Amino acid sequence: MKILAFNWKLNPLTEREALSLSSLSDRKDVILFPPAVFLNAVVRRTKRAEVGVQNLFWETEGAFTGETSPVMIKSLGVRWALVGHSERRKYFEETDETVNKKIKAAFAAGLNVILCVGEPMSARKKGIHAARAFVRKQLVRGLSGIRNSKFLPAQAGKIRNLAVAYEPIWAISGGAVHHPSDTPKDSAEMAKFIKETLFSGFHSLNPEVLYGGSVDSKNVADFLKPREVDGVLIGGASVKKEELKKIFKRAN
Ligand code: 13P
């Protein structure tokens with residue numbers, strides 16, 4: 001079964017609604033990313049789905065007003081951390097360097113990581129090579145120093161604590177400008193490129209690769225079909241109950 005990861009972003013507005021969404025989504029191979037204030041409630045409500053945090057800080061404790069420690073998150077029973085989402089890079093000035101610190105801190109706390117990468121429209125317009133170069137740089141910098149460290153198993157092979165989400169920025173819904181979604185063929189090619197880059201290129205890693213960007217009930221089956229794509233990371237459609245029901249039906 002492929003992975004269905006749901007990034008709720010800044011939704012819904014109440015814990016009651018968050019619990020209702022959790023009950024609907026409580027299935028095996030689902031990872032829920034609710035807003036941090038609902039993490040505790042969602043972890044308690046779910047039995048089959050795993051739960052992740054949308055963001056975390058790289059320090060464990062201290063004078064860092066407003067931040068959330070990976071250790072605190074782990075102590076709630078949360079299993080995953082989303083790191084480097086393009087909205088965090090855009091609105092909160094996250095860089096590949098802070099992404100790298102967050103990944104290391106998440107691993108040190110025993111959390112699994114989904115590293116988000118994806119090129120802007122300006123890169124894609126220059127062609128597939130420019131898009132790949134952009135993504136490659138994010139991977140190399142984001143995962144710098146992680147190979148052969150205490151964070152990951154040194155040997156090559158399938159690893160369970162790191163996944164990569166390929167989310168081309170121009171395909172994500174809710175942006176200021178609406179662009180068409182990527183095609184399943186293109187997303188599969190980029191997933192293959194990401195796997196090759198990590199496996200043969202420099203890390204000997206073999207993480208699962210998810211696709212994200214305007215995935216909904218109409219296209220989810222197509223995006224899940226290619227062998228190279230191990231799952232999807234869905235935003236907007238994952239907080240609409242009717243869409244959610246259809247997504248589960250079509251993803252089967
Ligand atoms: P949408 O599914 O709303 O395009 O969002 C994708 C995304 O950013 C998931 O992390």
Side-chain angles (χ1 to χ4, degrees), residues 2-13 18 21 24-25 29-36 38-39 42 49-56 78 80-92 94 99 102-103 106 112-121 123-124 131 134-135 138-139 142 162-184 186-187 190-191 194 207-224 229-248 250-251:
K2 297 201 173 183
I3 298 168
L4 295 177
F6 298 149
N7 176 12
W8 293 356
K9 306 191 179 184
L10 195 54
N11 305 287
L13 291 182
L21 279 174
L24 260 182
S25 316
D29 300 308
V30 165
I31 311 173
L32 298 176
F33 291 92
F38 302 141
L39 280 172
V42 173
E50 296 187 1
V51 179
V53 69
Q54 294 175 17
N55 176 44
L56 41 62
V78 169
W80 290 87
L82 208 58
V83 181
H85 192 281
S86 60
E87 286 152 16
R88 296 222 45 96
R89 294 180 194 252
K90 178 178 174 192
Y91 299 118
F92 306 100
E94 287 208 352
V99 164
K102 288 182 177 193
I103 295 174
N112 305 321
V113 169
I114 297 182
L115 165 62
C116 301
V117 296
E119 80 286 356
M121 195 48 153
R124 178 58 78 115
F134 191 96
V135 167
Q138 286 183 322
L139 291 170
L162 173 71
V164 175
Y166 169 57
E167 301 201 303
I169 297 169
W170 50 270
I172 295 177
S173 69
V177 188
H178 182 76
H179 293 292
S181 54
D182 206 353
T183 64
D186 282 353
S187 63
M190 190 61 100
I194 289 168
E208 279 158 323
V209 177
L210 316 184
Y211 173 73
S214 297
V215 177
D216 59 20
S217 65
K218 291 187 200 73
N219 59 24
V220 65
D222 293 332
F223 277 111
L224 284 171
V229 174
D230 302 293
V232 285
L233 178 55
I234 305 182
S238 72
V239 290
K240 296 183 190 128
K241 288 185 185 164
E242 287 315 307
E243 267 292 287
L244 202 49
K245 288 179 199 162
K246 287 188 211 158
I247 285 169
F248 283 124
R250 309 240 163 100

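Read the numbers this way: they start at 1 and go in the same order the structure lists the ligands and their atoms. Every value quoted in this text rests on a predicted model; they were computed, and no experiment measured them.
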Proximity flag S214 to ligand 1, non-hydrogen atoms under 4.0 Å: yes
G235 N/O to ligand 1 N/O under 3.5 Å: yes
Atoms in ligand 1 with a heavy atom of E167 nearer than 4.0 Å: 6 (C), 7 (C), 8 (O), 9 (C), 10 (O)
Inter-residue atom distance D230.CG - L210.CG, 0.5 Å rounding: 7.0 Å
Heavy-atom gap G213 to ligand 1 smaller than 4.0 Å: yes
Structural part of N7 in contact with ligand 1, heavy atom criterion under 4.0 angstrom: side chain
All salt bridge (Lys or Arg N to Asp or Glu O under 4.0 Å) counterparts of D29, not counting sequence neighbours: none
Check: A163 main-chain N/O paired with E208 side-chain donor or acceptor under 3.5 Å: no
Atoms of ligand 1 close to G236 [distance to a heavy atom under 4.0 angstrom, numbered from 1]: 1 (P), 2 (O), 3 (O)
For H85, the option from K90, Q54, E167, E94 that meets side chain to side chain contact (heavy atoms under 4.5 Å, CB included): E167
Close N or O approach (L233, ligand 1; < 3.5 Å): no
With K9 via side chain to side chain donor-acceptor pair (under 3.5 Å) - residues at least two apart: E87
Nearest atoms (heavy-atom pairs only) where G52 meets L39: O-CD2, 3.4 Å
Residue selection (non-hydrogen contact nearest atom 5 (O) of ligand 1) among K9, E87, Q54: K9
